[in-house]
Amino acid sequence: MKLLHSGKVRDVYEDRGDLILVASDRISVYDVILPTPIPDKGKILTRLSLWWFERLADIVPNHVISATDVPEEFAGRALRCRRLDMVQVECIARGYLAGLGLQEYRAGGAVSGVALPPGLVEGSKLPEPIFTPTTKAQLGAHDEFITFADVVAQEGTETAEELRRLTLEIYRRGSELAAGRGVVIADTKLEFGRAADGTLVLADEVLTSDSSRFWPAEQWEPGRPQLAFDKQYVRDWATGTGWDKKDPGPELPEEVVERTRARYIEAYERITGTSW
């Protein structure tokens, strides 16, 4: 196989004309890959993505060809996928105010040009989910908020409207399903590509602990930071060290690694209803 790309978490290989997408145990925060891996993380992300791909197939086609026809050394953490012409937009849906969305709101009352009501606080549920796209930065760079008008200018009106529709529909479906299992999906990031016939196809990962903010529904309380089933725990720990958010990142203590792994597993088990 030929290595085509090595990202923050995934490595992409070419094999027999297809792509092999391998999820590693690497973890990144603030667009910096930390030196300490999280055991089983790649397998958890892969299995959870597959679970969601099946439940979203009636909304949008996905890039998965096979989860078993992959090199043996990558078993459990790799997918054989279709080649796509990737759309150069990170498609983000937000149903709650957190993270960079909260920062944008505090700065100007809007996120990606979408005006929001005054008086919202950290963790507030939005009146309705919103589409808040960002640029798709290269490794080591930071994604930047863009407006829907920017997406129109880059991709054309028809594609921009379809990206927004699909992103919000996937988020709504995922949120409703997860809510019934005690998980709030605060926001999520999606990636799309075009098949040879021009069809938009869901790619990369979907509704995982790396691409979404998962909160336990029973502990959700606006006005404070939320307990998270994702890498927010690592973000908070790393920030607390005084790290300047530049490469290289800090080594993770064993306790942080164990707690982070446990949160990834709990998210998987709650959402899928199966034991890890």
Side-chain angles (χ1 to χ4, degrees), residues 8-10 20-28 37-70 74-82 91-96 98 125 129 166-192 201-220 226-234 257-276:
K8 291 191 285 286
V9 173
R10 284 170 175 74
I20 304 294
L21 197 66
V22 182
S24 74
D25 291 339
R26 298 190 294 269
I27 190 164
S28 70
I38 306 297
D40 290 327
K41 176 173 172 283
K43 291 183 177 180
I44 295 167
L45 296 180
T46 299
R47 199 179 296 180
L48 186 54
S49 281
L50 282 169
W51 191 89
W52 281 115
F53 279 133
E54 290 178 6
R55 283 151 185 83
L56 299 168
D58 61 317
I59 295 176
V60 61
N62 62 68
H63 66 162
V64 177
I65 296 172
S66 174
T68 56
D69 183 14
V70 297
F74 298 141
R77 63 174 64 247
L79 300 174
R80 179 176 294 276
C81 302
R82 289 192 274 168
C91 295
I92 298 172
R94 297 178 188 275
Y96 295 75
K125 185 175 183 179
L166 288 172
T167 299
L168 292 176
E169 194 168 344
I170 289 166
Y171 175 76
R172 289 190 181 100
R173 169 76 61 83
S175 295
E176 289 170 6
L177 227 163
R181 294 152 191 251
V183 176
V184 171
I185 303 180
D187 53 42
T188 196
K189 177 176 68 175
L190 304 171
E191 295 200 34
F192 296 90
V201 176
L202 183 60
D204 197 48
E205 61 183 323
V206 58
L207 294 167
T208 70
S209 298
D210 266 15
S211 64
S212 316
R213 279 187 174 84
F214 292 149
W215 300 336
E218 71 277 7
Q219 296 188 45
W220 169 60
Q226 309 299 313
L227 175 67
F229 289 139
D230 51 53
K231 61 183 180 181
Q232 188 61 45
Y233 179 72
V234 178
V257 171
E258 290 175 355
R259 287 191 179 185
T260 302
R261 180 177 181 274
R263 292 186 184 199
Y264 273 73
I265 289 172
E266 184 169 356
Y268 172 84
E269 292 184 336
R270 281 202 187 205
I271 290 171
T272 67
T274 59
S275 297
W276 176 251

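Since we're looking at a predicted model, the values are computed, not measured.
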Intermediate values then yes/no, side chain to side chain contact (heavy atoms under 4.5 Å, CB included), R261 and W276:
CA-CA 11 Å; R261 180 177 181 274; W276 176 251; 4.1 Å; yes
- Task: Could you please spell out the steps behind the side chain to side chain contact (heavy atoms under 4.5 Å, CB included) verdict for R213 and Y96?
- Result: CA-CA 10 Å; R213 279 187 174 84; Y96 295 75; over 6 Å; no
Quick check for you: to the nearest 0.5 Å, what is the distance between [X] atom [atom1] and [Y] atom [atom2]?
X: R270; Y: I265; atom1: CZ; atom2: CD1; value: 14.0 Å
X: T46; Y: K41; atom1: OG1; atom2: NZ; value: 9.5 Å
X: I38; Y: R26; atom1: CD1; atom2: CZ; value: 13.0 Å
X: D40; Y: Y268; atom1: CG; atom2: OH; value: 11.5 Å
X: I271; Y: L177; atom1: CD1; atom2: CG; value: 9.0 Å
X: L207; Y: T188; atom1: CG; atom2: OG1; value: 4.5 Å

Less than 4.5 Å apart, any side-chain heavy atom of [X] and any of [Y]?
X: E269; Y: S275; result: yes
X: I185; Y: F214; result: yes
X: V206; Y: S211; result: no
X: V184; Y: Q226; result: no
X: R94; Y: Y171; result: no
X: R263; Y: S209; result: no
X: L56; Y: N62; result: no
X: T208; Y: Y264; result: no

request  = Determine, step by step, whether V22 and V70 satisfy the side chain to side chain contact (heavy atoms under 4.5 Å, CB included) criterion, reporting the C-alpha distance in whole Å, the side-chain angles of both residues, the deciding distance to 0.1 Å, and the verdict.
outcome  = CA-CA 9 Å; V22 182; V70 297; over 6 Å; no
Within 45 degrees of the axis of the six-membered ring of W51 and under 6.0 Å from its centre: does R55 put its NZ or CZ there? yes
Is it the case that the side chain of R80 and the backbone of D69 share a donor-acceptor pair, with hydrogens and angles ignored and the cut-off at 3.5 Å?
yes
ask   = What's the verdict on side chain to side chain contact (heavy atoms under 4.5 Å, CB included) for D58 and R173, showing C-alpha distance, side-chain angles and the deciding distance?
value = CA-CA 11 Å; D58 61 317; R173 169 76 61 83; 3.0 Å; yes
Quiz item: Salt bridge between R77 and D25, side-chain N to carboxylate O under 4.0 Å?
Solution: yes
May I ask you to say whether D210 pairs ionically with R10, meaning some side-chain N is under 4.0 Å from a carboxylate O?
no
